[in-house]
Structures are given as structure tokens and as C-alpha cells.
Amino acid sequence: MPYPTDDQRDRPWVMRTYAGHSSAEASNALYRRNLAKGQTGLSVAFDLPTQTGYDADHPLSRGEVGKVGVPISHIGDMRQLFDGIPLAEANTSMTINAPAMWLLALYVTVAEEQAREQGRDTDEVLAQLTGTTQNDVIKEYLSRGTYIFPPGPSLRLTTDVITWTVQHVPKWNPINICSYHLQEAGATPTQEVAYAMCTAMAVLDAVRERVDDAEMTRVVSRMSFFVNAGVRFVEEMCKMRAFTQLWDEITRDRYGVTDPKARRFRYGVQVNSLGLTEAQPENNVQRIVLEMLAVAMSKDSRARAIQLPAWNEALGLPRPWDQQWALRMQQVLAYETDLLEYEDIFEGSTVITQRVNEIVADARKEIDHVQQMGGAVAAVESGYMKSQLVASLGEYRRKVESGERVLVGVNKFDTSEPSPLQAEGAEAIETVDPEVEASAVAALESWRSQRDSEAVDSAMARLREVAGTDENLFEATLECARAGVTTGEWAGTLREVFGEYRAPTGVSSSAAPGAGGELATVRERVRATGEELGERLRMLVGKPGLDGHSNGAEQVAVRARDAGFEVVYQGIRLTPEQIVAAAVQEDVHVVGLSVLSGSHLDVVPDVVEGLRAAGAGDVPVIVGGIIPPADAEELTSRGIARVFTPKDYELTEIMDEVVTVVREAKGLGQPQLAV
């Protein structure tokens with residue numbers, strides 16, 4: 001067979017790396033380098049203050065600025081982020097949800113400015129913009145935690161973005177229905193498909209009330225999804241075929257879309273970052289490749305865009321070289337192999353068909369159940385979907401802890417030679433300069449002092465007025481962007497109108513599956529220690545700062561409760577002061593903190609110092625998260641009793657160690673080891 005020409009091969013998917021940190025200037029340089037290496041799309045990671053609608057000088061932003069993404073406070077930052085990058089030629093994905101309208105308005109404003117600089121018609125340039133805003137806030141209540149407003153107003157913001165972009169930016173995908181984080185929160189393939197479809201239905205039901213039939217077809221054609229691909233790549237590929245089948249069915253039957261092309265399931269993917277391991281991290285390379293195959297091998301359900309994590313993301317922020325390696329994985333698959341030369345290679349497979357049919361049938365049942373409850377929003381507010389995910393993740397952890405599910409290098413084959421990839425120690429990951437936050441705060445103060453304050457006040461007054469009506473908020477948001485309003489001011493104005501929200505944690509209705517001998521032994525130690533102290537042991541589980549990835553904290557809370565602790569868990573987004581106040585009020589015996597965003601050196605010692613100032617310095621503090629060894633040593637030197645990282649996967653063993661920590665703090669002597 002002769003070597004195929006380019007026109008005989010399928011066009012490769014859009015290749016991205018999820019990137020951004022420190023500042024708009026540093027991230028712009030990173031994007032330019034990545035594009036020069038052959039990356040065909042940009043995927044912007046925003047820092048947590050930006051994602052949750054806070055400025056860099058807000059108390060909750062402390063320690064979070066520039067850590068997991070780029071801080072964007074105003075139009076000046078957005079100009080800098082895309083300096084020298086023609087937006088009319090770019091394909092940009094923005095992982096942003098609650099403030100999606102705000103970030104897209106900034107992006108659109110920069111595109112308009114570029115058009116005027118080039119002497120081009122602004123409407124012409126907007127019509128050429130391609131890319132995606134994630135903009136699926138329902139999954140934020142279930143998994144990722146970067147929500148701001150209650151579900152109703154949040155759904156309004158989403159529908160406002162969709163109806164505005166269909167009219168003005170017709171090639172833009174105004175929403176990614178994002179099941180990615182559902183899988184990381186524990187979703188089975190059935191749950192991931194079902195809950196994503198329920199979310200899409202909630203959005204489309206809301207949009208349908210505001211557009212005509214012709215526009216509805218355009219809306220459906222611009223709907224996109226963002227999915228997760230785990231290492232069980234055959235099952236994951238079947239999941240994608242199930243997604244494709246169900247989406248075609250729902251959009252045809254529920255929304256009357258007759259054009260098959262408009263009904264096509266369009267999705268981008270990042271493979272499972274939380275499935276990467278700290279232990280023997282070199283194994284993550286083959287995990288990433290196998291997970292990529294799940295969304296690339298089947299032509300009929302192939303991803304439109306792929307972004308891969310780096311091998312060392314379980315250790316910290318990847319370096320540019322690590323991201324380059326992840327990009328090269330995609331390029332080898334697309335350009336060196338023969339994958340793109342064939343029709344769907346699974347067509348007619350009885351094994352694949354059977355598994356797809358099973359996922360479709362089970363997903364339909366779960367979709368029907370959620371619809372009977374009143375739809376996705378009602379299932380969020382009742383806590384149903386969240387409790388289902390917490391339970392599923394608990395079952396997954398049980399299988400890992402028992403060895404029923406193998407993680408190579410973690411619970412099996414865990415002997416290892418020293419890794420040359422980690423020979424550099426702390427230099428094996430990217431670190432963010434501690435001065436980044438101070439610089440961002442100073443730049444923000446300078447921005448505020450130099451802008452037209454009357455224009456800002458007028459724009460925010462208009463935003464507040466429109467928020468109180470059913471008028472589309474996008475034009476008022478554009479006015480804010482052009483006037484120099486900041487991210488915190490935009491979100492703060494809407495907070496005044498819509499209020500804030502705390503989603504159900506899903507912890508109260510979940511339990512650890514099974515109670516093996518190890519858990520029973522720890523439960524006895526908890527009981528006996530409580531008897532020695534004359535009261536039941538109480539543990540506060542806290543999420544300081546803006547890190548909304550609460551999966552680990554929720555599993556710790558469930559296991560602690562099942563081990564016999566009385567557990568105080570108030571969910572995400574707490575200041576150190578709030579955690580200290582709760583610990584004192586509840587008179588707890590230990591405080592457990594979870595931090596995955598890199599802010600541990602800032603917020604965790606604040607809790608220790610706060611407890612001392614409140615006269616509760618004898619309450620030990622433990623912490624878990626993605627914490628490099630040098631940082632763990634520093635935390636220990638600053639009074640943290642124990643530091644746990646992803647390699648500490650045995651939750652029952654952690655509970656046993658927590659009992660030891662309490663006994664040490666209370667001077668009860670050395671206990672017998674339980675497990």
C-alpha cells in the first residue's frame with residue numbers, strides 16, 4: 001500500500017496544553033513558545049481568584065494568585081495575555097465557569113481592539129473567532145467547586161452567554177458541558193454520561209425559552225462537551241460512543257433538530273490528571289498515552305481537541321519541557337502512526353457494541369431518574385447527584401485500598417529504582433515566585449488609580465440594574481470590560497444581586513463501603529481514646545483558600561466519621577479565621593486541612609497561628625495535598641503535626657495516624673499500632 005498523502009488522512013484534532021501561571025506576561029511568553037512547537041490551539045488556565053470572582057487583594061486570594069493559572073483582573077491583563085497573538089486566527093479554550101461571561105467579554109473586547117488596530121470591521125473579526133468557554137457551572141456544585149452564585153442565576157448567566165454568542169460570535173462554542181471533573185469526583189461511566197446529558201438538557205431547556213427554532217439548531221450545533229478519559233481505555237472509548245449515540249437521540253427527539261450535522265457530538269478532552277500518581281511518576285507517561293487512545297482511536301467518536309497533562313502533575317506545576325513532552329505524545333500519534341488513515345476500526349465489533357449498549361441503557365435510566373426529580377438543578381440542590389458521586393468515589397478508593405483495583409507503583413509493584421527524572425529534586429517542577437502575588441496586588445492598585453472612575457461606577461450601576469431584570473447581561477458586561485472594571489468588582493456587583501451559595505457536600509448521606517478488620521480496629525482505638533479523654537473524638541476537616549477540589553476532603557470526612565470520629569465539615573472556600581473559629585466553637589481534638597492548589601505554605605501556618613492566638617494551640621493540625629518534600633519539611637517546622645500526600649492512599653491508615661496525633665497532643669503516651 002503506498003504511503004497516504006495528506007488529503008487521504010483525516011485532519012488531526014486540535015492539540016493543546018492546559019497552561020498559564022504567574023502573570024499575563026509570563027503566560028503570554030509560554031503560549032508563544034507552545035505555538036511555535038506545533039501546538040494548534042490555546043487552553044488558558046486561570047488562577048483560582050479569577051475563577052471565583054475575586055481580585056488579587058481579597059483575603060481569600062492570599063496564597064492563590066498565579067498558582068494554578070494566570071491571574072486576569074481587568075482588560076489590561078487580557079491585552080497582555082494575548083499580546084502578539086491574533087485572536088481572529090487563534091483557537092482558544094478558556095477553562096472558566098462562574099465568571100465565563102466576564103472572561104469572554106474581556107476576550108471579545110481585545111479582539112475588537114485588534115480589529116480596529118488593523119483597520120478591520122469588528123463584526124467581521126468577531127465572526128471569525130473560534131474557541132470555547134467551559135461555562136458549565138452545574139458540575140462546579142458537584143465536583144470542582146469554583147461556583148459563585150446559586151444555581152438559578154448561574155444558569156441565567158450561562159444562557160445569556162449562549163444566546164449572545166450565537167448572534168455575535170457564531171463560530172464560538174459558548175459552553176463545554178464538562179463531565180471531566182465528574183469522573184475525578186468519582187463518577188462511573190454511566191454517571192458521567194447521564195449527569196452530563198442532564199446538565200445539557202437543563203441548559204437547552206432554558207435556552208429554548210429565549211430563541212426560535214432556527215436559532216435552536218444553531219445553539220445545538222455550537223454545544224460542546226469536555227470529557228475525561230481514564231486508563232480503562234476500552235471502556236472509556238465505549239463511553240464516548242455512548243455519548244455520541246445519546247446526544248444524537250436527545251437533540252433529535254427532545255429539541256427537534258433535524259440536521260444530523262448539527263446533532264454531532266463535539267467534544268474536547270483532557271485525560272485523567274487526578275489518576276496520575278506521585279509514586280513512580282514515570283508510570284504516568286504510559287497512563288497518559290493509553291488514556292489518549294481512548295478518545296482518538298474510534299473515528300466515529302474521536303475528540304475534536306485534546307490536551308494532555310504532564311507526567312509530573314501529581315508532584316506540582318509542570319515545567320515547559322514537561323508540557324512539550326505531552327504535546328509530542330499527541331504529535332507522534334497523529335503524524336507518525338497510521339491511525340488517521342482508516343474508517344472506524346471498531347465498527348461491527350460485538351464486544352464494543354455490547355458495552356456501549358450497556359452504558360447507554362444504564363445512562364437512560366439515570367437520566368430518567370434525575371428528570372423525575374425535576375432535572376439537573378433540582379438534583380444539585382437536593383444533594384442527590386453529589387451524594388452519588390461521593391459514594392462512587394468511596395467505592396473506587398475501597399477497591400484501591402483492598403488491592404482489587406491495581407495502581408502500579410502504588411498498591412502493587414511498588415519497589416523502585418531511583419528515578420533520573422526526579423534527580424533534580426525541587427527543580428523537577430515549576431515553581432511560582434512568591435513575589436507574584438505582591439506584584440499583582442501592586443499592579444491592581446495602580447490600575448484602579450489610573451482608570452476613569454466615573455465610567456467604572458456607571459458601568460457597574462448599569463450591570464446592577466440589568467441583573468435585576470431578565471435582560472441579557474452580556475452587553476452590560478462588555479461595558480464593564482471596556483470601562484476597566486475588575487474581576488472582583490464585576491462578580492461583587494452580581495453577588496449583591498444574586499447572593500452567594502454553598503453547595504451540599506454529599507458527605508452526610510455517604511458511608512465507606514464495607515467495614516474491614518482494619519477499620520474496626522481503628523474504630524476501637526477512636527472509642528478507647530475518647531473514653532480516656534472523657535468525650536467523643538471530634539475532627540474538623542477544612543478546605544482553606546479557594547481550592548474547590550474537595551474530593552479528597554470529602555473522602556477523609558466520610559472515613560473519619562465511619563472510624564468513629566464526630567466530624568465537622570463545612571465544605572470549601574474558608575478563610576483560616578473561619579476554620580479557627582469553627583475549631584474553637586466545636587472544641588475539636590484535631591484539625592485536618594486539604595490543599596491541592598499550592599497555597600499550603602500561606603494558608604496552613606495561618607491556621608496554626610490562629611489556633612495559638614485563640615488559646616487552642618494544643619489542637620494539632622494535619623494537612624494533605626500536593627505538597628513537595630521541601631514544603632512538607634517547612635510545614636513540619638512551623639508546627640504542622642503530619643503531612644500527607646497522594647502516595648498516602650490508605651485512608652484507614654491515615655485515620656489510625658490521626659488517633660496517634662491526638663494521643664500525642666493530649667500526652668496519652670505511645671499507642672499500640674492498629675494496622
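All of these numbers come straight from a predicted model, not from anything done at the bench. Computed from heavy atoms alone, side chains included, the values below leave out hydrogens, waters and symmetry copies.
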Quiz item: Yes or no on salt bridge (charged side-chain N to carboxylate O under 4.0 Å, His left out) for R448 and D55, after CA distance, side-chain angles and deciding distance?
Solution: CA-CA 12 Å; R448 288 177 182 146; D55 286 332; 2.9 Å; yes
Do the side chains of [Y] and [X] get nearer than 4.5 Å, heavy atoms only?
X    : Y    : answer
E650 : I654 : no
P320 : L30  : yes
I572 : D547 : no
E112 : L126 : yes
E236 : V295 : no
R405 : N411 : no
P49  : H58  : no
P12  : L340 : yes

Self-check item: Residues forming a side-chain hydrogen bond (donor to acceptor under 3.5 Å, both in side chains) with Y267, sequence neighbours excluded
Solution: none
Shortest non-hydrogen contact from [X] to [Y]?
X    : Y    : answer
V269 : A303 : CG1-CB, 3.9 Å
A88  : V125 : CB-CG1, 4.1 Å
S594 : A553 : CB-CB, 4.0 Å
P576 : V603 : CG-O, 3.9 Å
N28  : D83  : ND2-O, 2.9 Å
L478 : T109 : CD2-OG1, 3.7 Å

Return yes if a side-chain donor-acceptor contact under 3.5 Å exists between [X] and [Y], otherwise no.
X    : Y    : answer
E140 : Q51  : no
S273 : E184 : no
Q39  : T17  : yes
K139 : Q134 : yes
Y141 : S154 : yes
S179 : Q183 : no

Exercise. Please check if atom CZ in R264 has more than 12 non-hydrogen atoms from other residues, nucleotides or ligands closer than 6.0 Å.
Key: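 For R264, atom CZ is not crowded (no more than 12 foreign heavy atoms under 6.0 Å).
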Quiz item: Do other residues, nucleotides or ligands put more than 12 heavy atoms under 6.0 Å from the CD atom of Q118?
Solution: yes
Can you tell me how far the [atom1] atom of [X] sits from the [atom2] atom of [Y], to the nearest 0.5 Å?
X    : Y    : atom1 : atom2 : value
W311 : I288 : CH2   : CD1   : 10.5 Å
S550 : K543 : OG    : NZ    : 6.5 Å
L87  : Q114 : CG    : CD    : 4.0 Å
Q280 : S419 : CD    : OG    : 9.0 Å
T636 : D631 : OG1   : CG    : 10.5 Å
Q324 : K37  : CD    : NZ    : 4.0 Å

Quiz item: Only one of T92, N91, N34 forms a side-chain hydrogen bond (donor to acceptor under 3.5 Å, both in side chains) with R16, so which one is it?
Solution: N91
Quiz item: Under a 4.0 Å N-O cut-off, is there an ion pair linking D602 with K67?
Solution: yes
Quiz item: Got a salt bridge between E634 and R638, using NZ or NE/NH1/NH2 to carboxylate O under 4.0 Å?
Solution: yes
Practice problem: Quick one: sort the W490 and W102 rings into parallel, tilted or perpendicular, breaks at 30° and 60°. | Solution: parallel
Show me the side-chain donor-acceptor pairs of residues 223-234 shorter than 3.5 Å, one per line, residues at least two apart or across chains.
residue, atom, partner, partner atom, Å
S224, OG, I175, O, 2.8
S224, OG, N176, ND2, 2.7
N228, OD1, N272, N, 3.2
N228, ND2, Y180, O, 2.9
R232, NE, E235, OE1, 3.1

Quiz item: Passes side chain to side chain donor-acceptor pair (under 3.5 Å), Q307 versus Q270? Steps please.
Solution: CA-CA 5 Å; Q307 59 192 46; Q270 170 152 328; 2.9 Å; yes
Self-check item: E124: salt bridge (Lys or Arg N to Asp or Glu O under 4.0 Å) partners, not counting sequence neighbours
Solution: R120
